[in-house]
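For the single chain, residues carry numbers from 1 onward in sequence order. Whatever order the structure lists ligands and atoms in, that order sets their numbers, starting from 1.
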Amino acid sequence: MRTLYHSPRSRSDTIVALVRMLSADVALREVTIARQDGTGGRDPANPHPEGKVPYLTDGDEAVRERGAIILYLTDAYPAAGLGPLAGEPGRADYLSWLFYYQGIMEPLLILKWANVDHSAIAAGLRDFDTMIERLLEPLRHGPWLLGERFSAADMLCSSPFLWFAEMLPEDPALRDWVARCGERMSAVAA
Ligand SMILES: N[C@@H](CCC(=O)N[C@@H](CS)C(=O)NCC(=O)O)C(=O)O
């Protein structure tokens, strides 16, 4: 049996929504986490090596980091069509967005929030405006990151802007995309 360790109002909300969209037979196990405001605390029931969420266990195996969990789940539950499978059109873009989120977007967003700047950051990650430009390239031509096809990559890449709306630039294509993603997620939550 697969189990998703999650905590409400955290990054794991995206994965809980995905589990519901996939109608996946994944047990949802709520745990506490240490919050940045000093509340909460690590939950001994959470097997994540750092006490974080989301964390997905599947028998003897475990997956951490949202991009990896998303890929694991959309491959495991293909009927919902929320991620192109190996060999299908859009697979390359799908993988690229999931890994771009983990490798570039999330670090850049944290660094921006922390107001940290260094030439090594630009060399390795570029910068916030470049990241926004990458997102806008597909969104100027279609409703979703993969063009006409909504995928779990939209859920992952829009998630920080749903939480931190003040980080969202004024661009209408970007704002409309985040709103569309939010509508999909709240429809599932309802
Ligand atoms: N890069 C990870 C981040 C996971 C993460 O930092 N989750 C936070 C909740 S938003 C957490 O569990 N924090 C508890 C802690 O740092 O101990 C992912 O996207 O899955």
Side-chain angles (χ1 to χ4, degrees), residues 2-22 24 26-58 61-77 82-83 93-116 120-121 124-128 130-132 134-135 145-146 150-168 177-178 181-182 184-186 188-189:
R2 296 182 174 121
T3 301
L4 177 71
Y5 294 85
H6 75 99
S7 195
R9 299 178 316 285
S10 78
R11 286 173 174 89
S12 60
D13 288 353
T14 319
I15 310 300
V16 172
L18 179 64
V19 163
R20 294 194 170 124
M21 282 180 175
L22 295 170
V26 172
L28 298 177
R29 177 85 189 263
E30 187 174 326
V31 292
T32 62
I33 51 169
R35 307 261 173 185
Q36 287 202 13
D37 63 3
T39 62
R42 184 174 184 160
D43 195 327
N46 181 3
H48 186 290
E50 295 170 12
K52 291 184 176 185
V53 293
Y55 194 55
L56 180 76
T57 57
D58 185 1
E61 303 216 60
V63 196
R64 61 183 189 272
E65 298 298 325
R66 280 186 301 169
I69 295 173
I70 285 171
L71 186 58
Y72 195 88
L73 290 176
T74 56
D75 278 1
Y77 301 94
L82 285 176
D93 277 347
Y94 184 53
L95 295 186
S96 298
W97 282 116
L98 295 180
F99 283 75
Y100 185 74
Y101 177 83
Q102 294 294 164
I104 306 289
M105 281 186 70
E106 186 159 300
L108 278 177
L109 288 160
I110 292 171
L111 290 163
K112 183 176 173 63
W113 180 79
N115 208 13
V116 176
I121 295 170
L125 305 175
R126 301 295 184 253
D127 54 32
F128 182 84
T130 305
M131 180 260 284
I132 294 297
R134 291 289 80 71
L135 287 170
L145 294 176
L146 302 188
F150 173 75
S151 77
D154 292 293
M155 297 168 68
L156 180 63
C157 294
S158 67
S159 62
F161 303 112
L162 287 165
W163 277 100
F164 302 105
E166 68 278 8
M167 285 192 137
L168 189 56
W177 166 69
V178 171
C181 293
R184 293 251 174 166
M185 306 267 284
S186 43
V188 169

Take Lys52 and Arg64 through the side-chain contact (heavy atoms from CB on, under 4.5 Å) test and state the conclusion after the steps. CA-CA 9 Å; Lys52 291 184 176 185; Arg64 61 183 189 272; over 6 Å; no
Are there any protein N or O atoms under 3.5 Å from the N or O atoms of ligand 1? List them with distances, or say none.
residue	atom	partner	partner atom	Å
ligand 1	1 (N)	Glu65	OE1	2.6
ligand 1	1 (N)	Glu106	OE2	2.8
ligand 1	6 (O)	Arg11	NH1	3.4
ligand 1	7 (N)	Val53	O	2.9
ligand 1	12 (O)	Val53	N	2.9
ligand 1	19 (O)	Arg66	NE	3.3
ligand 1	20 (O)	Arg66	N	3.1

Taking atom CZ of Phe128 as the centre, does the number of heavy atoms from other residues, nucleotides or ligands within less than 6.0 Å exceed 12? yes
Roughly how far, to the nearest 0.5 Å, is CH2 of Trp163 from CG of Leu168? 15.5 Å
Ser96 and Asp93 side chains, donor-acceptor separation under 3.5 Å: no
One thing to verify: whether Arg66 and Glu106 come together as a salt bridge, which I'm taking to mean a side-chain N less than 4.0 angstrom from a carboxylate O. yes
Is the side chain of Ser12 donor-acceptor paired with the backbone N or O of Ser7 at a distance under 3.5 Å, no angle test? yes
